[in-house]
Amino acid sequence: MHRIHLAELRDASAAWAGVSIAFVAVNAALAMTLTILYSGSVRLAAGELPLMAATAYTIVQGLNALVIRFVAVPIVAGATSLVVDSRRGALARLALSGATPAQVRGTVT
């Protein structure tokens, strides 16, 4: 069974790499936006930035984080769904070879 799992992971590596890259890009964009938002909020609270100058660091970044969340969730979910759909035959062969549903789920995750 171990060899079958490794073969499935080897076959699906390119498809899952695309999902992983999308996930990393979304997380990087969100982390950068939230870092800018936090630093702007701290500087605003400390009085280092006037209120009008802080909008680029606070309000704009808050809206940017909101847009990233609304766009990123369907993109990552859609990419994952497409990969699982394209690998459906391989997952069925994995189940037919004796893998339990938990083992199939573990291979996918």
Side-chain angles (χ1 to χ4, degrees):
M1 184 58 71
H2 183 67
R3 288 184 355 197
I4 295 172
H5 281 281
L6 290 178
E8 164 59 25
L9 291 175
R10 197 173 329 118
D11 275 351
S13 62
W16 286 112
V19 174
S20 299
I21 289 171
F23 187 72
V24 167
V26 165
N27 282 327
L30 195 57
M32 182 176 51
T33 298
L34 293 178
T35 302
I36 295 169
L37 175 65
Y38 176 75
S39 64
S41 299
V42 168
R43 289 189 65 202
L44 181 64
E48 297 174 3
L49 278 175
L51 185 60
M52 291 305 291
T55 58
Y57 297 102
T58 55
I59 296 171
V60 172
Q61 296 306 319
L63 291 173
N64 192 16
L66 188 68
V67 168
I68 288 172
R69 285 184 198 139
F70 282 133
V71 170
V73 169
I75 287 175
V76 172
T80 304
S81 174
L82 287 172
V83 169
V84 169
D85 286 344
S86 72
R87 303 297 304 164
R88 191 168 302 279
L91 295 176
R93 284 189 295 278
L94 191 61
L96 285 173
S97 66
T100 65
Q103 289 174 326
V104 174
R105 192 172 31 252
T107 302
V108 170
T109 56

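None of these values were measured; they are calculated from a predicted model. Along the sequence shown, the residues carry numbers beginning at 1.
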Side-chain cluster (under 4.5 Å, hydrophobic types only) that I36 belongs to, other residues: M32, L49, Y57

- line: Result for side-chain contact (heavy atoms from CB on, under 4.5 Å) between F70 and one of V73, L66, V67 points to L66

- prompt: Only one of L82, V83, V76 forms a side-chain contact (heavy atoms from CB on, under 4.5 Å) with T80, so which one is it?
  reply: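 The single option meeting the side-chain contact (heavy atoms from CB on, under 4.5 Å) with T80 is V76.
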
- request: Please collect all side-chain hydrogen bond (donor to acceptor under 3.5 Å, both in side chains) contacts where either partner lies in residues 36-48, sequence neighbours excluded, each pair once.
  value: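 Counting only pairs at least two positions apart or across chains, the side-chain hydrogen bond (donor to acceptor under 3.5 Å, both in side chains) contacts touching residues 36-48 are R43-E48.
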
field: Any residue meeting side-chain hydrogen bond (donor to acceptor under 3.5 Å, both in side chains) with T33, in chain and number order, not counting sequence neighbours
entry: N64

query: Would L30 end up clustered with L37 when hydrophobic side chains under 4.5 Å apart are linked, directly or stepwise?
result: yes

query: Where do A54 and L44 come nearest, in terms of heavy atoms and distance?
result: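 It is CB-CD1, 3.7 Å.
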
